[in-house]
Amino acid sequence: MELPTLQHFDGLKHNKNWANEDFIPEHIFGYQIFGSTIIDDGKKVYEINEGTYFFSNRNSLAKGTKKFSPTEGYSSICICLSQKFLKTFSMTCLPADGQVPGKDMVIVFPETPLLTNYFQSLTPYINRSEEDFKDLIDAKLREATLILLKLHPEMRTRLFDFGNPEKIDLKSYMESNFRFNLSVERFSYLTGRSLSSFKKDFEEQFHDTPGKWLVRRRLKEAYMLIKRNVMRPSEVYLKVGFENLSHFSHAFKKVYGVSPSGIVERVSGP
DNA sequence: ATTTGCCGCAGGGGATGGTA
DNA sequence: TACCATCCCCTGCGGCAAAT
């Protein structure tokens, strides 16, 4: 089982090979053809099963896990409805009054002929160059947006909210989201601050720099999970936000003076 | 399966000056 | 005064190979 994430891209993509990325910057509308995708946003776990149509909100943090079908492997079609596209769309097709959007990052839609036929109609455009099919792909994106609005009018508020994240409480946000592997600059954006204001506020509240705090917090979490035999080092490093097992091993030993697999019998606590 | 050693370079940290 | 952009130095992240 590989660890995937939602890649960001413009237009249309036949998704067979997901890269590891914890941040989803744009709205994604998709169809899971084979296999399934487990998405954990830290608050809720969503299971996108074979044959499922789904929508995923922009500016989301999530860890994804790809599960292969024994016979067919894994594949999905994803459409990225970017802010650039939606702003252009909203100028030509005025959104009506919206309703209050739901809090869930992922919405799963029941199958309807409209969705089935739409995703079947994408087949000729999959993995084609944007230049050759630009107009047709753009028409398909507009069609996708209209279908979403037709089936779920409450989507207007989500799709046409072009605002940036508001300034929010650093302590609770970082404590909830340190497991996601994001750059400090991304954390600053998501907490509604410039990079320099983020560093300043962080120092005031944590008496530490963001990078150092993140590593220590992730290692502390890893320590607890390994110590309690919840996970092995090869599983835990991804869970707590490291990308690389060898680097995780180095960082762990630097802080605790012992390698990850050595703490179960040898050390009493951090 | 996990740790260790090594390397290149992206990006974090800190300082500084600009702007509203 | 608060907030932001930018610059430069250098740390440490991620990748790879080899050892354990």
Side-chain angles (χ1 to χ4, degrees), chain A residues 1-9 16-25 40 42 59 61-68 83 162-270:
Chain A
M1 196 164 65
E2 291 173 37
L3 280 171
T5 335
L6 299 173
Q7 291 176 340
H8 40 285
F9 46 85
K16 281 190 168 177
N17 194 17
W18 300 59
N20 202 22
E21 168 70 68
D22 285 349
F23 180 62
I24 298 146
D40 183 352
N59 279 350
L61 298 178
K63 286 184 182 293
T65 306
K66 175 163 71 174
K67 283 188 176 173
F68 289 82
Q83 294 292 280
F162 300 122
N164 290 325
E166 293 176 1
K167 193 168 181 174
I168 53 173
D169 179 61
L170 269 190
K171 280 217 162 173
S172 59
Y173 188 84
M174 295 305 294
E175 200 51 52
S176 301
N177 297 297
F178 69 85
R179 295 172 193 83
F180 295 108
N181 184 25
L182 305 181
S183 67
V184 170
E185 190 170 9
R186 189 79 84 191
F187 273 119
S188 75
Y189 168 74
L190 290 169
T191 55
R193 292 163 173 83
S194 71
L195 182 57
S196 44
S197 293
F198 177 78
K199 287 177 185 176
K200 184 173 162 288
D201 288 355
F202 200 97
E203 177 62 38
E204 280 174 8
Q205 294 193 37
F206 291 87
H207 307 293
D208 204 349
T209 60
K212 286 178 185 170
W213 182 88
L214 279 167
V215 169
R216 267 197 284 273
R217 187 66 187 84
R218 287 166 180 163
L219 288 173
K220 185 181 171 189
E221 178 88 348
Y223 188 103
M224 300 311 287
L225 291 170
I226 297 170
K227 180 80 177 170
R228 293 172 186 163
N229 286 315
V230 177
M231 286 183 175
R232 294 178 309 183
S234 57
E235 298 166 318
V236 86
Y237 79 99
L238 287 167
K239 176 81 178 171
V240 301
F242 283 84
E243 285 276 306
N244 184 282
L245 180 57
S246 76
H247 177 249
F248 167 69
S249 184
H250 277 114
F252 195 96
K253 191 162 190 179
K254 189 177 173 187
V255 170
Y256 295 115
V258 60
S259 57
S261 63
I263 62 169
V264 178
E265 312 84 14
R266 294 175 58 185
V267 183
S268 58

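No hydrogens, no waters, no symmetry mates; every other heavy atom, side chains included, goes into these values. The chains referred to below are lettered A, B, ... by the order of the sequence lines, with proteins before strands, and numbering in each begins at 1. For clarity, every value in this text was computed on a predicted model and none was experimentally measured.
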Quick one: sort the A:F242 and A:H247 rings into parallel, tilted or perpendicular, breaks at 30° and 60°.
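Tilted: the ring planes of A:F242 and A:H247 meet at 30° to 60°.
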
Which word best sums up how the rings of A:F206 and A:F202 line up, parallel for under 30°, tilted for 30 to 60°, or perpendicular for over 60°?
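Parallel: the ring planes of A:F206 and A:F202 meet at under 30°.
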
From the list [options], which nucleotide is the closest neighbour of the side chain of [X]?
| X | options | value |
| --- | --- | --- |
| A:H247 | C:dG14, B:dT3, C:dC4 | C:dG14 |
| A:V184 | B:dT3, C:dA5, B:dG12 | B:dG12 |
| A:K253 | B:dT2, B:dT4, C:dG12 | B:dT4 |
| A:K212 | C:dG12, C:dG14, B:dT3 | C:dG12 |
| A:S234 | B:dT2, C:dA5, B:dT4 | B:dT2 |
| A:E243 | C:dC4, B:dT2, C:dG14 | C:dG14 |

Atom-to-atom span, [atom1] of [X] to [atom2] of [N] - whole angstrom:
| X | N | atom1 | atom2 | answer |
| --- | --- | --- | --- | --- |
| A:L214 | B:dG13 | CG | C1' | 14 Å |
| A:F248 | B:dT3 | CZ | C1' | 12 Å |
| A:K199 | B:dG11 | NZ | C1' | 9 Å |
| A:E204 | C:dA2 | CD | C1' | 11 Å |
| A:R216 | C:dC13 | CZ | P | 12 Å |
| A:I226 | B:dT3 | CD1 | P | 8 Å |
| A:L195 | C:dC3 | CG | C1' | 13 Å |
| A:H250 | B:dG5 | NE2 | P | 7 Å |

[X] side chain N/O closer than 4.0 Å to the phosphate oxygens (OP1, OP2) of [N]?
| X | N | result |
| --- | --- | --- |
| A:S261 | B:dT3 | yes |
| A:N181 | C:dG14 | yes |
| A:S197 | C:dC3 | no |
| A:K200 | B:dG13 | no |
| A:T209 | B:dG13 | yes |
| A:S249 | B:dT2 | no |

Mind listing the closest non-hydrogen atom pair of A:I168 and A:R193 along with its distance?
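Looks like O-NH1, 2.9 Å.
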
Give the minimum heavy-atom separation between A:P260 and A:I226, together with the two atoms involved.
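Shortest heavy-atom separation between A:P260 and A:I226 comes out as O-CG2, 3.5 Å.
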
A:A251 or A:S246: which one's nearest nucleotide on DNA chain C is closer to the 5' end?
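The answer here is A:A251.
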
Taking donor-acceptor contacts at under 3.5 Å, does the side chain of A:S196 reach the base of C:dA5?
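Flag set: donor-acceptor pair detected.
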
Looking at A:R218 and A:K239, would you say the former's side chain and the latter's main chain have a donor-acceptor pair under 3.5 Å?
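No; judged by distance alone, with no hydrogens or angles, the pair does not exist.
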
Using 4.0 Å as the upper bound for N to carboxylate O, is an ion pair formed by A:E203 and A:K199?
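Between A:E203 and A:K199 there is no salt bridge, as every charged N stays at least 4.0 Å from the carboxylate O atoms.
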
